[in-house]
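Step one of this worksheet: look at the structure below.
Each ligand, and each atom within it, is numbered from 1 in the order the structure gives.
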Amino acid sequence: MRMFDIIRKKRDGEELTTEEINFFIERYVKGEIPDYQASALLMAIFFKGMTERETADLTFAVRDSGARLDFSEIHGVRVDKHSTGGVGDKTSLVVAPIVATLGAKVAKMSGRGLGHTGGTIDKLESIPGFKTSLETSEFIKNVNEVGVCIVGQSQELAPADKKLYALRDVTATVDSLPLVVSSIMGKKLAADDDCIVLDVKTGSGAFAKTLEDSRALARAMVDIGKRAGKKMLALITDMDRPLGSAIGNSLEVIEAIDTLNGKGPADFTEICLILASNMLSLAGKGSVDECRKACEKAIADGTALETFAKMVRAQGGDDGVIYDTSGFAKAKYSCDVTCEESGYISHVDTEGYGVASLLLGAGRNTMDDVIDFSAGIILHKKTGDKVEAGDVIATLYTSDESRLEQAKMELLKSTKIDDKKPIERPLVLDTII
Ligand code: URA
């Protein structure tokens, strides 16, 4: 078998065999296939797509490229949630402690920021002292004792995805359905959860911009998860506007804490309640309605916040900042962004908002960039809001003053103002089971 023939076959739109897909993944992980050949195949997949069978084979090859985790020592039903990536998406920080408070176990491996989207691990690392890398035994102990532990992906888990993701990031091949499916599900299936709720984002800030593409992505991931014996559910949720008001690592953690205190923005609180109740229901804890009531109670009586504080403590973090958020690092510079016209915010290019946050220092342009945890954006006006010329629509935060101007231009360019109030999009656009 030759890599050259596999590339040519896919370039010409032919279907690859299971053996050819396994050959590519096994040899690529061992370093026997160079990045330039892997890039050529990724681009051929981007243009020609993959059949369901090829996508499933690629997913299982990614899953089997490293160690499989064994969660059998975790007591109780294990449930995970995975988002396909968005802007201001700090749901895991709220949903995971709520679900753990209500008796399901959350043994979560999360990612770092990717392109214009943020990552849970970067957000958690903005908590002073918080460790996102633990020995497996400590990880399992924390899940059993606290109910939840969130760490970064271990080096041994799905190494094919690690290599392929870095390559996709620099070869413009991220937003390809079979590649997204195999990346997300390859990692999820290498972990050992009973139930998985997928939060498939759709809209201008998502990797899948149209509802049709998001549905296809959700369907493919749900089907592959079920084939592997998992209980699966996907919610297609709106990412045509940022979630909540905060974008950027410590700003988002503070907003998550506010939400666990019952004082979060309405859209963000609602999406967290929907996701948490669906996770609990899938885990057999009652109907979605019953679980929702329990989730609301866990916020109202402070038990979910207490679980979050316990998780932070168990992972070496300073839980004092959970009760007094003035302990988070502060940005040295800030600047208000005002709008130039009157009317309604009719649409925002959410990816542009993510890029503005990146420009302020909240994300990475290269893998080696150091994150400015205090950098980011607080939105004062969102899609559908009425504005007058001169109103402050956002405040930007950064430790590097020279970054402010470009980020401001990006934010203004991404904000459309019109005479007419736009029709409000629902937060959940579809459910795939
Ligand atoms: N998240 C992932 O882990 N992989 C993708 O391809 C997209 C989002």
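Residue pairs meeting the side-chain hydrogen bond (donor to acceptor under 3.5 Å, both in side chains) criterion with at least one member in residues 259-269, sequence neighbours excluded, are D267-K382. Residue pairs that meet the side-chain hydrogen bond (donor to acceptor under 3.5 Å, both in side chains) test with at least one member in residues 270-284, sequence neighbours left out, are E270-R292.
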May I have the list of side-chain donor-acceptor pairs in residues 31-40 shorter than 3.5 Å, sequence neighbours left out?
unit_1, atom_1, unit_2, atom_2, d
D35, OD1, Y28, OH, 2.8
S39, OG, D35, O, 2.6

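Residue-environment remark: CD (E14) exceeds the threshold of 12 foreign heavy atoms within 6.0 Å.
Results of the salt bridge (charged side-chain N to carboxylate O under 4.0 Å, His left out) test with K10 over E54, E15, E20 single out E54 as the only residue that passes.
Side-chain contact annotation: T307 with T101, donor-acceptor N/O pair under 3.5 Å present.
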Pick out the protein N or O atoms lying less than 3.5 Å from any N or O of ligand 1, and list each pair with its distance.
unit_1, atom_1, unit_2, atom_2, d
ligand 1, 3 (O), K187, NZ, 2.5
ligand 1, 4 (N), S183, OG, 2.6
ligand 1, 6 (O), R168, NH1, 3.1
ligand 1, 6 (O), R168, NH2, 3.0
ligand 1, 6 (O), S183, OG, 3.4

